[in-house]
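Working notes for the structure below.
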Amino acid sequence: MATAPLTVLVVGATGSIGRLVVAESIARGHTTRALVRDAAKARRQLPAEAQLAVADVTRPKTLPPAMADVDAVVLTLGSDGTAHSSPENADYAGVRDILAALSGQTPRIVLMTAIGVTARGSAYDHLLDWKRRSERLVRASGLPYTVVRPGWFDMNAPDEHRLVFLQGDTRRSGTPSDGVIARERIAQVLVQAVTAPQARGRTFELVAEQGPAPGDMGPLFAALDQDAPGALDAVRDQANMPPAQEPQRVRADLDAVRTPATSGST
């Protein structure tokens, strides 16, 4: 079904997924704004049609101009382990500060995290916990959202492009056996989630199996269960990270982003 072009802001636009999201959004006719730290670098990497908004998610005061008059925000943030880009200040605080910079706007939010995000005690738990907290911020905000948890990037076989949407985050080995997916397919799902009404309020793991890629993802979105209104965690997720036991600063962030409709939820 055709939809009117939107103004889509891509956060993490020069990352390995973000670059593909920018290209896919432009291909679908959206006015596409890329949030970047280095305009010269971004101009070399991104399509000429991309609008550039120079800002840094670790510097909140730089964000408001980039957020003006957006219809949707696609978040593909990823930390690199440096002091400037840790799981807490990029994967989590970057999402928190983007939400704060919206200043009353109510765009569609599409957040990319990772399969296995609810695992505890794994080799990746520090990173995954902060990604899970970023999901909770998005749900607490009351904004229309979709959360996509991709499997392992580009480890799929050449004939593995049939998309499979899962829920409950039960594949948590921390290895490619949890599921694989091409980066290109991830970008396509993220961009289609911006406009698909069936994707609203849904959280799912994304992997690929043998077969061709679908054209219309609407039926795949529609087959998913919605998250419970006001809940911090996704439908079917294991309740293994009690909000009451979270760091005080995290609980304060949740309180700050809550809308009246989500206030008091756990």
Side-chain angles (χ1 to χ4, degrees), residues 3 6-12 17-18 21 24-25 30 33 35 57 63 66-67 70-78 91-115 117-118 128 130-150 165-169 186-206 217-218 220-237 241 243 250 253-263 265-266:
T3 57
L6 306 177
T7 296
V8 177
L9 175 69
V10 182
V11 183
I17 303 296
V21 170
E24 179 71 14
S25 177
H30 300 306
R33 188 181 304 165
L35 192 150
V57 296
L63 294 174
M67 314 301 298
V70 294
D71 299 304
V73 180
V74 181
L75 293 143
T76 64
L77 290 166
D91 296 88
Y92 169 77
V95 173
R96 179 199 64 202
D97 293 336
I98 286 288
L99 294 174
L102 287 170
S103 300
Q105 296 181 89
T106 57
R108 183 75 162 262
I109 304 293
V110 179
L111 172 66
M112 183 187 79
T113 58
I115 199 167
V117 72
T118 63
L128 296 176
W130 287 112
K131 284 187 176 292
R132 188 173 182 181
R133 290 170 181 137
S134 74
E135 292 187 2
R136 287 177 165 180
L137 289 172
V138 168
R139 296 189 191 99
S141 73
L143 296 170
Y145 72 86
T146 305
V147 176
V148 183
R149 299 164 167 175
F165 293 1
L166 305 167
Q167 291 184 295
D169 199 34
I186 299 170
Q188 290 168 350
V189 172
L190 293 171
V191 175
Q192 288 206 33
V194 166
T195 54
Q198 307 96 322
R200 182 170 176 166
R202 272 124 171 130
T203 300
F204 60 96
E205 297 80 60
L206 171 64
M217 297 178 195
L220 291 171
F221 291 126
L224 297 168
D225 290 336
Q226 283 190 301
D227 296 337
L232 291 179
D233 288 325
V235 64
R236 303 188 201 169
D237 279 359
M241 197 164 99
V250 172
D253 288 342
L254 283 169
D255 288 341
V257 303
R258 285 184 197 275
T259 64
T262 59
S263 179
S265 301
T266 59

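- Ser25 places no side-chain N or O within donor-acceptor distance of the main-chain N or O of Val8, the cut-off being under 3.5 Å.
- In this structure, the separation between OG1 on Thr118 and CG on Leu128 is 8.5 Å, given to the nearest 0.5 Å.
- Side-chain contact check for Ile109 versus Ser141: every heavy-atom pair is 4.5 Å or farther apart.
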Margin query: Apply side chain to side chain contact (heavy atoms under 4.5 Å, CB included) to residues Leu137 and Arg258 and explain how you reach the verdict.
Written below: CA-CA 8 Å; Leu137 289 172; Arg258 285 184 197 275; over 6 Å; no

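- A donor-acceptor pair under 3.5 Å links the side-chain atoms of Arg108 to the main chain of Ala193, judged by distance alone.
- Using a 4.5 Å heavy-atom cutoff, the side chains of Ile98 and Val57 are in contact.
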Next item on the list: Kindly determine whether Met112 and Leu75 satisfy side chain to side chain contact (heavy atoms under 4.5 Å, CB included), including the steps that lead there.
Entry: CA-CA 6 Å; Met112 183 187 79; Leu75 293 143; over 6 Å; no

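- Counting heavy atoms from C-beta outward, Leu6 and Thr195 have side chains that approach closer than 4.5 Å.
- The list of salt bridge (charged side-chain N to carboxylate O under 4.0 Å, His left out) pairs with a residue in residues 91-105, not counting sequence neighbours, reads Asp91-Lys131, Arg96-Asp253.
- In this structure, the side chains of Phe204 and Val148 come closer than 4.5 Å at one or more pairs of heavy atoms.
- Nearest heavy-atom pair, Arg33 versus Ala66, reported as atom, atom and distance to 0.1 Å: NH1-O, 2.7 Å.
- Without hydrogens or angle criteria, Gln192 side chain to Val189 main chain gives no donor-acceptor distance under 3.5 Å.
- For Gln198, the side chain to side chain contact (heavy atoms under 4.5 Å, CB included) partners at least two apart in sequence or on another chain are Ala196, Phe221, Ala222.
- Between Leu63 and Met67, the shortest heavy-atom distance links the atoms O-CG, 3.3 Å.
- Looking only at side-chain heavy atoms (C-beta outward), Val138 and Val95 come within less than 4.5 Å of each other.
- Looking at Tyr145 and Leu111, their side chains never come closer than 4.5 Å, going by heavy atoms from C-beta outward.
- Val147 is not listed as a side-chain neighbour of Arg202, based on a closest heavy-atom distance of 4.5 Å or more.
- Put simply, CG on Leu102 and CG on Leu143 are 6.5 Å apart, with the number rounded to the nearest 0.5 Å.
- Using modelled atom types, one side-chain atom of Asp227 and one backbone atom of Val235 make a donor-acceptor pair closer than 3.5 Å.
- The minimum heavy-atom distance between Thr113 and Ser134, with the atom names listed, is CG2-OG, 4.0 Å.
- Judged by distance alone, the side chain of Thr76 and the main-chain N or O of Ile17 form no donor-acceptor pair under 3.5 Å.
- When atom types are taken as modelled, the side chain of His30 and the backbone of Thr7 share no donor-acceptor pair closer than 3.5 angstrom.
- The main-chain N or O of Asp233 is never found under 3.5 Å from a side-chain atom of Arg136 such that the two would form a donor-acceptor pair.
- Under the side-chain hydrogen bond (donor to acceptor under 3.5 Å, both in side chains) test applied with Thr203, the options Arg139, Arg149, Gln167, Glu135 reduce to a single match, Arg139.
- The heavy-atom pair separating Ala187 from Glu24 by the smallest distance is O-CG, 4.1 Å.
- The shortest side-chain heavy-atom distance between Val191 and Val110 does not fall under the 4.5 Å cut-off.
- Distance alone, capped at 3.5 Å, is enough to place a donor-acceptor pair between the Glu205 side chain and the Asp169 backbone.
- Here the closest heavy-atom approach between residue Gly12 and residue Leu77 is recorded as N-CD2, 4.4 Å.
- Of all heavy-atom pairs spanning Tyr92 and Val250, the tightest one is OH-CA, 3.8 Å.
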